[in-house]
There are 2 protein chains.
Amino acid sequence: MGGGRVQPVRAGSKELIREINASLVLAELRQGLVSRTELAKRTGLSLPTVSEIVADLLNTGVVEEREVGSSGGGRRPVLLGLKADAGYVIGIKVTETRVIAVLTDLGAQIVERATETVSGGDVGTVVRAVAKVVRRLGRSKQGKSRQVYGVGVGLAGVIDRASGVVRHATYADWHDVDLAGLLAKRIGLPVVVDNDVNTLVANEQWFGAGRGVSDVAVVSIGRGVGLGMVLDGRLYRGAGGGAGEFGHTKVVADGPLCACGGRGCLETVIGEPAILKRTKTQDIEQAADRARNGDREIAEVFDEVGRVLGTAVGNLVNLLNPKLIVLAGEGTRESDLFLPGFDDALRNAVFDGLQRDLEIVVDDWDDEAWAQGAAGLFLAELFQPNLRPDEADRPSLTARSAS
Amino acid sequence: MGGGRVQPVRAGSKELIREINASLVLAELRQGLVSRTELAKRTGLSLPTVSEIVADLLNTGVVEEREVGSSGGGRRPVLLGLKADAGYVIGIKVTETRVIAVLTDLGAQIVERATETVSGGDVGTVVRAVAKVVRRLGRSKQGKSRQVYGVGVGLAGVIDRASGVVRHATYADWHDVDLAGLLAKRIGLPVVVDNDVNTLVANEQWFGAGRGVSDVAVVSIGRGVGLGMVLDGRLYRGAGGGAGEFGHTKVVADGPLCACGGRGCLETVIGEPAILKRTKTQDIEQAADRARNGDREIAEVFDEVGRVLGTAVGNLVNLLNPKLIVLAGEGTRESDLFLPGFDDALRNAVFDGLQRDLEIVVDDWDDEAWAQGAAGLFLAELFQPNLRPDEADRPSLTARSAS
DNA sequence: CCACTTCCTTCGGTGACCTTAGGAAGCCCT
DNA sequence: AGGGCTTCCTAAGGTCACCGAAGGAAGTGG
């Protein structure tokens, strides 16, 4: 049941070696055009090995020889690059009202989009809607069927990623729904389901500000407050997939009642509904506008929101000592109003010495970006070697099929 | 600078395979006596491979053939076991006043002890004291020199484990002291230095309640409050080795001033000095006795301590969703007084659904156990394969020396 | 004492790695 | 234009850890 016992690593074998090394090569190729020789240098592998791996990848069609580089007095290198259109991945963000989907190439660049409205939050409805957009994106406008490697899905809730089971969805009354299984069966593709904040994290880690940084926390603010973490270079999900319930950490003793049943949750102070209530406005934009136009009381509310968030994030830093904090979500649109207070409170809360290398980035994402993140999540799976013993049927670019 | 860029995994090679597989075999052997056939089943390796690896280990002297098991109608298995006295490891806990050292076998069982008093907290003094106990433990009573694989050291502070540099020590004015380097040079053995709570964690993970559990948080309470974490099966230290400053998370807005310069730190509420101050006693035992004998006011203080800690730990659970929480340290001696409040507050703070699989264990450790933990930390190094590319000169049982 | 079971070893094959050598393709200088 | 030099890549051969299959070793039970 999630977490459980440790089987530290998968048993070593020739195939494992090849997967690891192919992944190393692919990881370098994602950074841009590189020659074989350069690849050998960067990965630490010998040149013949790199050549052989590259030959494999060329064969599969994932990589292509691009152009010829320049050199100072010698044979010129053949630059290799990922063949972005060698295949596609679909990323999906499921919200209360809509299913937002994007088709991306292997570089996570968006190629096409599709949306479906849903209502009711019924599982069947959502599955049907997802199947519909996947079908639509699965073929080009000329009607040709596309090579789609799989689908990544993000939604708010507690999700056991290993099994793809939604333990509990935030905006619907789902319990222990095997969404990945249902979808995989329905659309016949590998499906990865994860918490939506984790999709953002994956995107950050692979394509955004967190690229190459091994310890990152992404805090999403908006209606709720979410948290995704990359620890030691890997997305951390907790024993039961429930890590990151940042919005329900208690920050006010005997504070206001939260939808979760607890009292004084962070969300009850800095979530959108809480702000609306305290500013007596209908709409967050309206509140922000007023604050910007001199409404001191409302400005005060935003300032306090920033301070509370700053302290909470500061405590997070004390616990985890990340190198980078990314603030994301709609809530960042009001960052001009709360950032000063946030910064101040953060500085006060963070233990001396953890400050110096800490970086804070505000990154505004729209719904489409979340979907793109979901695609990135699947890509991450695709590009990483299988070190764990379970996950045998994970999708992979590096595990060779028929050679 | 610490953390930094990701080099996801070490390049694959035959040696890596062997290291991984030897580690798998060793991991099984640590659980008890096992036959070759059984090892093959458990590790997923083929029998010939297991035999070969075992042959290697027998050769090295780490493993030995013990006895012959029983079978139902067939050749009886040769049971293999770790040869505990094949070598030793020294674990050391450095405190303000003493250097406590233990010599353990490869099963982390204590074989001998040694202590040195230190005063002043000067780096040179500590190094000399450590060297002294190591020298003493390094030879048996008959004066024969022992095979010692290395030394693990734990002390309170922010420590960059990769380099063994003490960024900041809690009870002394050390900054950026390369303790591991100094010690290694002085005693001529591999040295691993880490935060003392992490030594406890290592012990829990390998030999205690956390054995085989992949997500554990160990909270140490006493004079200060510490936190060590195993996340995804690995000790987590943060980008700069500074993770786990649980004692300096802010729990009271504008609370009392802490030694760290901040306000409202957890330590300022539940640390031993804080309790003494609030109960107006000289000695924590005394306070506890009074509470147990009916002093309502003091009992109230302990109850509140429990509640504050419970909420803080609850928030920790919300963030990380561990499977197990271990409470350790001298502070647990008063657990009868604060546990009820702790439990209550914890239950209220933890997000629904993260509760069900959560386990809480109180584990009282004395100073010697911390030293044993330090030994365990080194053993963990010794038994685990090198997956990372750096750490080339890490001590290891599995990387073969001259065959 | 012979069938049967279980444990372990021996042997040969595969594949991924490496090192070494050498061919290919460019530059530069006389 | 052609020989030297540099750089990039491929070819060939060796090593080693894995595996599967076959078989020897050591028991039990009829």
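All of these numbers come straight from a predicted model, not from anything done at the bench. Reminder, nothing fancy here: chain letters follow the sequence lines and each chain counts from 1.
Between A/Glu19 atom CD and C/dG15 atom P there is a gap of 16 Å when expressed in whole angstrom units. Distance, B/Asp56 CG to C/dT9 C1': 15 Å, rounded to whole Å. Taking atom CZ of residue A/Arg66 and atom C1' of nucleotide D/dC8, one finds them 19 Å apart after rounding to whole Å. Taking atom CG of B/Leu79 as the reference point, atom C1' of D/dG27 lies 14 Å away to the nearest angstrom. Distance, A/Leu80 CG to D/dC9 P: 7 Å, rounded to whole Å. To the nearest angstrom, P of C/dT6 lies 9 Å from NZ of B/Lys41. Atom CD in A/Glu38 sits about 13 Å away from atom C1' in D/dT7, given to the nearest Å. Rounded to a whole Å, the CD atom of A/Glu15 is 16 Å from the P atom of D/dA17.
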Dump the intermediate steps for side-chain contact (heavy atoms from CB on, under 4.5 Å) on A/Ile110 and A/Gln372, then the final yes or no.
CA-CA 7 Å; A/Ile110 296 178; A/Gln372 188 184 22; 4.0 Å; yes
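Under the rule for a salt bridge (charged side-chain N to carboxylate O under 4.0 Å, His left out), the partners of A/Arg36 that lie at least two apart in sequence or sit in another chain are A/Glu65. With sequence neighbours left out, A/Asn21 forms a side chain to side chain donor-acceptor pair (under 3.5 Å) with no residue at all. A search for side chain to side chain donor-acceptor pair (under 3.5 Å) contacts involving B/Asn203 returns nothing, not counting sequence neighbours. Residues forming a side chain to side chain donor-acceptor pair (under 3.5 Å) with A/Thr37 (at least two apart in sequence, or on another chain): none. In this structure B/Thr49 satisfies the side chain to side chain donor-acceptor pair (under 3.5 Å) test together with B/Ser46, sequence neighbours excluded.
When the side-chain nitrogen and oxygen atoms of A/Arg76 are compared with OP1 and OP2 of D/dC9, none of them lie within a distance under 4.0 Å. Considering only side-chain N and O atoms, B/Thr37 lies under 4.0 angstrom from the phosphate OP1 or OP2 of C/dC8.
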Per-nucleotide protein contact string for nucleotides 17-24 of chain C (B base, S sugar-phosphate only, - none; heavy atom under 4.0 Å):
BBB---BB
